[in-house]
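Structure, as structure tokens:
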Amino acid sequence: MDIHEYQAKERFRAAGIPVPPGEIATTPDEAYAIASKYGGMVVVKAQVHAGGRGKAGGVKLAKDATEAREHAGNILGMEIKGLTVEKVLVTPAEDIQTEAYVGVLVDRNNQAATFMVSAEGGVDIEAVAAETPHLIRKLVVDPRYGILPHQGLWLANYLYDDPGLIKQAAKIITQLYHAFIDAGASMAEINPLVTTPSGEVKAIDAKMSIDDSELFRRPDVAAMRDSSGEPASEIKAREANLSYVKLDGNVGCCVNGAGLAMATMDLVKYYGGEPANFLDIGGSSNPDKVVAALEIITSDPKVKSILFNIFGGITRCDDVANGIVEATKRIDIKPPIVIRLTGTNEEVALEILKNAGFDAYTSMDAVVEKAVALAGAN
Amino acid sequence: MDIHEYQAKERFRAAGIPVPPGEIATTPDEAYAIASKYGGMVVVKAQVHAGGRGKAGGVKLAKDATEAREHAGNILGMEIKGLTVEKVLVTPAEDIQTEAYVGVLVDRNNQAATFMVSAEGGVDIEAVAAETPHLIRKLVVDPRYGILPHQGLWLANYLYDDPGLIKQAAKIITQLYHAFIDAGASMAEINPLVTTPSGEVKAIDAKMSIDDSELFRRPDVAAMRDSSGEPASEIKAREANLSYVKLDGNVGCCVNGAGLAMATMDLVKYYGGEPANFLDIGGSSNPDKVVAALEIITSDPKVKSILFNIFGGITRCDDVANGIVEATKRIDIKPPIVIRLTGTNEEVALEILKNAGFDAYTSMDAVVEKAVALAGAN
Amino acid sequence: MAIFIDNDTRLVVQGITGRDGSFHTRQMMEYGTQVVAGVTPGKGGQSFEGPDGKTVPIFNAMDEAVAATGANTSVIYVPPAFASGAILEAADSGISFVVAITEGVPVLDMAMAHAFARDRGVRVLGPNCPGLISPGKSKVGILPAQIVSEGPIGVVSRSGTLTYEAVFQLTSNGLGQTTCVGIGGDPLIGTNFIDCLRAFEADPDTAAVVMIGEIGGTDEQEAAQFVTDHMSKPVVGFIAGQTAPPGRRMGHAGAIISGSAGTAEEKIKAFEDNGITVAQRPADIVGLIRAALA
Amino acid sequence: MAIFIDNDTRLVVQGITGRDGSFHTRQMMEYGTQVVAGVTPGKGGQSFEGPDGKTVPIFNAMDEAVAATGANTSVIYVPPAFASGAILEAADSGISFVVAITEGVPVLDMAMAHAFARDRGVRVLGPNCPGLISPGKSKVGILPAQIVSEGPIGVVSRSGTLTYEAVFQLTSNGLGQTTCVGIGGDPLIGTNFIDCLRAFEADPDTAAVVMIGEIGGTDEQEAAQFVTDHMSKPVVGFIAGQTAPPGRRMGHAGAIISGSAGTAEEKIKAFEDNGITVAQRPADIVGLIRAALA
């Protein structure tokens, strides 16, 4: 789960990291009021779960409250990578001397939280890591010990020469680690970490992603979920406990298992089609889940055909077949549905489906080819 | 630093451990008022930094408030192992079904916090450990991981058969570990951990010792220091940053270094005397420390002679000699002082002392023999 | 021969009395797995009723189960909140192999659990994995037994049902398996591709390996390098997620392209650069294996 | 030969610019110890002025100091609040031996620091110890150099000034030392009696060992058993604290009799039971050593 910049800043502030003040506006007038309160120049920043806000025009410097209102008017309602901006953060403009990058994420290879810092701030760290890895210092944090004092200093030494700045940065790095752990995060980032002419080190931007598996035990973090601006279909999928990602094609896919779901999308492409979505119904053959899946897929007007690809292992194919029949009784579905079922009890399942008037297959290639053809024809 | 039962219970309660209520009384009337509030039977317990309160008559069951007042009257002011009781804890009497022991301390061999639990509660665990070690289950807690869920259960499994009791005890064990770590303790103990007829597990007594080296960074713990009932000489020594332990003999000892101080005491005994104290002035030759040391030693009326045993390494003997001369100018000392100084600048030091009229030696045996002889003669 | 589990596997089921645990315990026992003990705190002393009138003793804790039964392997079907604790307990009990089926275990819990297991030299498979099966010998986890058959192919995969697809096609075409291992789709897994490849290389009965990867991370790239450096046996690969968009988690917590890292393209290229023939479709795997063995 | 430190010891002083650090650095340099670097965060790039116009470069961090100077040993003179952090940093920097002089380090900090050092295979001496000296070769810590001399006796002790007493008597009677080690009086110490005995046993130049213990814990008892099991060289012992009352801390955090455990009596008995001749007084040590070597 991604959280907004302003939410990440709240967590950072609670961990002791110096973060400039800031308030959320949902209307231009609110932005005006906040900017007036601060006086002077402010930055108006779109709060949206998408990278590249700046390039998309979602971050603007305003010389006064009137300009802040104007910028907020432009940014609120803007679409960034398919998400609508419904909130802006209004924050005093800082006098910046240097910009650095400090981030921590769970690293798969080291099986541990890993810091990356760079004296090149305000940049895309993945691009830096790929193109100029020598400009990054990395530190793997042994989970058994947590971050140790000398490790924070070692990272900070890479960013600054001045002992005062190093000391502040080392403290911030340790605090960032604690904010990361306390939130059950998979990533936490300060980009940029700035220094001011008066010698302070501050977090000007903040980003944090939460491990979804942590939410059940962290109600304070779960409460930060903000679905505003998210596609309704994805919200509905999450509520129904389905893994769903909307794409741009016209072949709706409903599959059990994430790997098989991706392979099915790839096969749609292989046969010249475009998948409309990723959707994993999981191991359950519960009709309610199948209904929700079909409602979500059909809510996308681009979808011209729907394919089911089910490999029954523990899941019994007849259960799934019954679920599909039941689901299509409950809701009205326009695009044609083609179904591949194989594995446990497949014969019974195919019988059920044929009786209900569905095209049913046992080969994955066959059903995908058919779905692509149907989508092209419709 | 030892803390009182009621203070340990406060920490345990804050960690979530079920602890019966209780309040502190410093007068019999206060004890009466507290007991009246609770109604029914109460226990009146001496709050004093000494073991064996029970045997000494410092813990009494009272059937009502009137009897509680009476018991408090007897216990307050009582001497237990040389310490005066100035506070009693008044707590409702619990209906007890079983008694177990749960403790955690820093184990030298394993270099880690180590639990000991026994289904035999209310006992001297060291006696159990020495005589019937098979009645104890031990667990070394790896500091890198802390106590793990299955470890708490493993210990609790040893205490009870009932799953409900096991679950409660496992939770208490984990909470005790956190209380131990959060206080910077060297020992934390629940003795007894009881079960009630209604199936609850509770900490009826609580004991905790704090690592003195933790106090500088734990003001909340340091604030629990209660010197009431402690000998004035030991309080004064602590304030002067001297290591001092009062003993029962008549030869006052003032030594630099703990090992040498113990060896000096032993040598006093070897030559037929009895040491009046352990005192380590540390590495410093600061006259203020020497003055404080002499004040403390001479405050003990039993002291008949005073011996200094100084091995000058980094410490310069002439500094110490000047310190002694200076100190004896500032305070009036009755018992004779004999001094052994050796090591760095010893010749200068012996000269200074002889000029000031002190008996000065370079051999440890000689000075101890002399001090013992003087104590016998006085 | 086979890898990781065989006829000597003596299994404890952690969470044997739960819904999933009891169902899959029966499935494993029907397949012939030696399930020697179950663990459910508070239910020690009871018995689990297996198929054909067989029973399995239940213990309160792993150490008791291992002491009483000589178990050497455990499988975990407990809820996410307790799964990492169950792994720690298993790793502390004297067994050498822990298979964690549970999905949704917090990643930071797993960072600690993996460190703990490494400290003790215990192999963990998963979490969030279907387990593994050595056809004709032992099954640990949830893989459907009816799709496997004995033979010379090793299968290792990050996915569940996609593995079934591949194994089913192998079996249907007369290509049996030594062991099929699902390593799981989480970011932090205990046993990775390289661990399995090393074991298959050392297993005299395995003639060729099918390796099924997906987007996210660099495990496949490192495995490909390992094939060049350390393997004599042919490997056929497949990567799912060519059409996955960057930055979105595709079901599995580990299936996410971060920026430009972890794409199907780079994995396929790594496979090809290291002599692993890559199936474009799952249906192509059989043909490539046949060609490799020819 | 000697143990732990010798002519090849290349020392970093952590906390070189502090009051104690700077004083003892000069003392060590005067004795001939190769002090190759100092570390004080924020003072990197400066120089420490030693005796005879010698200077020592100061670094911000241990890793930089070790990389620049090839140091293999460090000594720590930083305040208690930072001492365990300094040990962790040293253990992480590539050196193999850390001597922690600081007194008053929280015990739970040391539990973690010792675990960390063990993980990395780094030897720690202390904390709260006087350090060690190999006469004529190197001195690390605060032991007064003027009382030692070269010779065949190894000395290991939990105490500071009591060690000086013993060493002084040895030297005064013509019995020089290979190495004198103060292992420290804290409850959790890195290098214990057994570590030193093992090293002295292996050191061809050491002919006999003086072991000076005190009340508290069971280190002396285990060391005594070690002497029986693994030592061919004679050991003379002394135990301080026969008159110490139970339950009271005698200066050293580790010098406390818990209940009836850790008394001088049980330690002396363990010594005698294992063939270690026990000096009743410090003054008796020389005679016993002479007898042992005769």
Side-chain angles (χ1 to χ4, degrees), chain B residues 50-51 105-109 111-113 124-127 129-130 142-144 180-181 184-186 211-214 216-217 243 245 247 249 255-270 274-275 278-280 282-283 309-315 342-344 363-365, chain D residues 23-24 27 80-81 104-108 110-112 114-116 119 130 142-144 146-147 157-165 168 185 187-189 212 214-219 222 238 240-245 247-255 258-261 264 280-283:
Chain B
L105 49 74
V106 174
D107 182 79
R108 294 159 179 248
N109 293 340
Q111 302 200 319
D124 174 4
I125 194 66
E126 279 157 353
D142 187 330
R144 302 172 304 168
F180 171 87
I181 295 291
S186 52
D211 174 9
D212 290 336
S213 299
E214 293 272 2
F216 78 91
R217 61 180 179 188
S243 291
V245 176
L247 300 169
V255 189
N256 68 328
L260 190 61
M262 283 188 276
T264 304
M265 287 158 50
D266 294 347
L267 207 60
V268 168
K269 180 94 177 177
Y270 178 87
E274 288 290 341
F278 166 92
L279 195 156
D280 172 12
N309 183 12
I310 305 295
F311 199 109
I314 300 318
T315 308
T342 194
T344 317
S363 141
M364 181 166 162
D365 285 75
Chain D
F23 176 80
H24 291 297
Q27 298 270 323
V105 185
V107 175
L108 294 173
M110 285 313 306
M112 198 64 105
H114 287 313
F116 190 85
D119 272 0
I142 64 173
L143 281 155
Q146 67 273 21
I147 60 170
S157 169
R158 274 169 72 180
S159 155
T161 46
L162 178 56
T163 314
Y164 309 167
E165 182 79 39
F168 177 64
L188 303 193
I189 54 173
I212 300 172
E214 62 188 32
I215 55 162
T218 56
D219 270 18
E222 283 139 29
F238 179 80
Q242 297 184 54
T243 49
R248 301 302 306 268
R249 173 181 155 170
M250 306 303 275
H252 287 163
S258 305
S260 59
Q280 284 202 61
R281 306 174 299 162

Work out which heavy atom in L188(D) is nearest to a heavy atom in R108(B); give both atom names and the distance. CD2-CA, 3.7 Å

Are V245(B) and P245(D) side-chain neighbours, meaning at least one heavy-atom pair lies under 4.5 Å? yes

State, yes or no, whether a side-chain contact exists between D219(D) and N109(B) at a heavy-atom distance under 4.5 Å. yes

Which atoms of I310(B) approach chain D - backbone, side chain, both or neither, heavy atom under 4.5 Å: neither

Residue among R158(D), E214(D), Q27(D) with most heavy-atom pairs under 4.5 Å to chain B: E214(D)

How far apart are the closest heavy atoms of A240(D) and G259(B), and which atoms are they? CB-O, 3.7 Å

How many angstroms lie between OG1 in T342(B) and OH in Y164(D), if you round to the nearest 0.5 Å? 13.5 Å

Best-contacting candidate, G247(D), G216(D), P80(D), against chain B by heavy atom pairs under 4.5 angstrom: G216(D)

Keeping the roles fixed (side chain from D211(B), backbone from V107(D)), state whether a donor-acceptor pair exists under 3.5 Å. yes

Pair count under 4.5 Å, heavy atoms only, with chain B: among H252(D), Q146(D), Q242(D), R281(D), highest is R281(D)

Structural part of P282(D) lying under 4.5 Å from a heavy atom of chain B: side chain

D107(B), part contacting chain D, at a heavy-atom distance under 4.5 Å: backbone

Closest approach of K269(B) and T243(D), non-hydrogen atoms and distance? CB-CG2, 3.5 Å

Examine whether an atom of S213(B) lies under 4.5 Å from a heavy atom of chain D, and if so say whether it belongs to the side chain, the backbone or both; otherwise answer neither. both

Tell me, for S186(B) versus chain D, whether the close heavy atoms (under 4.5 Å) come from the side chain, the backbone, both or neither. neither

Contact leader toward chain B among M110(D), E165(D), M112(D), Q280(D), where contacts are heavy-atom pairs under 4.5 Å: E165(D)

Where does A261(D) contact chain B at under 4.5 Å (heavy atoms): side chain, backbone, both or neither? neither

Given 3.5 Å as the limit, does a donor-acceptor pair link the side chain of T161(D) with the main chain of N256(B), or not? yes

Of the listed residues (M250(D), R248(D), E222(D)), which shares the most heavy-atom pairs with chain B below a 4.5 Å separation? M250(D)

Given heavy-atom pairs under 4.5 angstrom as the criterion, report whether the side chain, backbone, both or neither of F23(D) touches chain B. side chain

Answer with side chain, backbone, both or neither: which region of R217(B) has an atom nearer than 4.5 Å to a non-hydrogen atom of chain D? side chain

Tell me, for I189(D) versus chain B, whether the close heavy atoms (under 4.5 Å) come from the side chain, the backbone, both or neither. backbone

Looking at every heavy atom in both A283(D) and D365(B), which two are closest together, and how far apart are they? CB-OD1, 3.4 Å

Nearest heavy-atom pair of G251(D) and S243(B): which atoms, and what distance? CA-OG, 3.6 Å

All heavy atoms of A255(D) vs all of M262(B), minimum pair found to be CB-CE, 3.9 Å

Part of S157(D) lying under 4.5 Å from any heavy atom of chain B: neither

Answer with side chain, backbone, both or neither: which region of A185(B) has an atom nearer than 4.5 Å to a non-hydrogen atom of chain D? backbone

Max heavy-atom pair count under 4.5 Å with chain B, selected residue of G241(D), G185(D), S159(D): G241(D)

Quick one: does L108(D)'s side chain get under 4.5 Å of F180(B)'s, heavy atoms only? yes

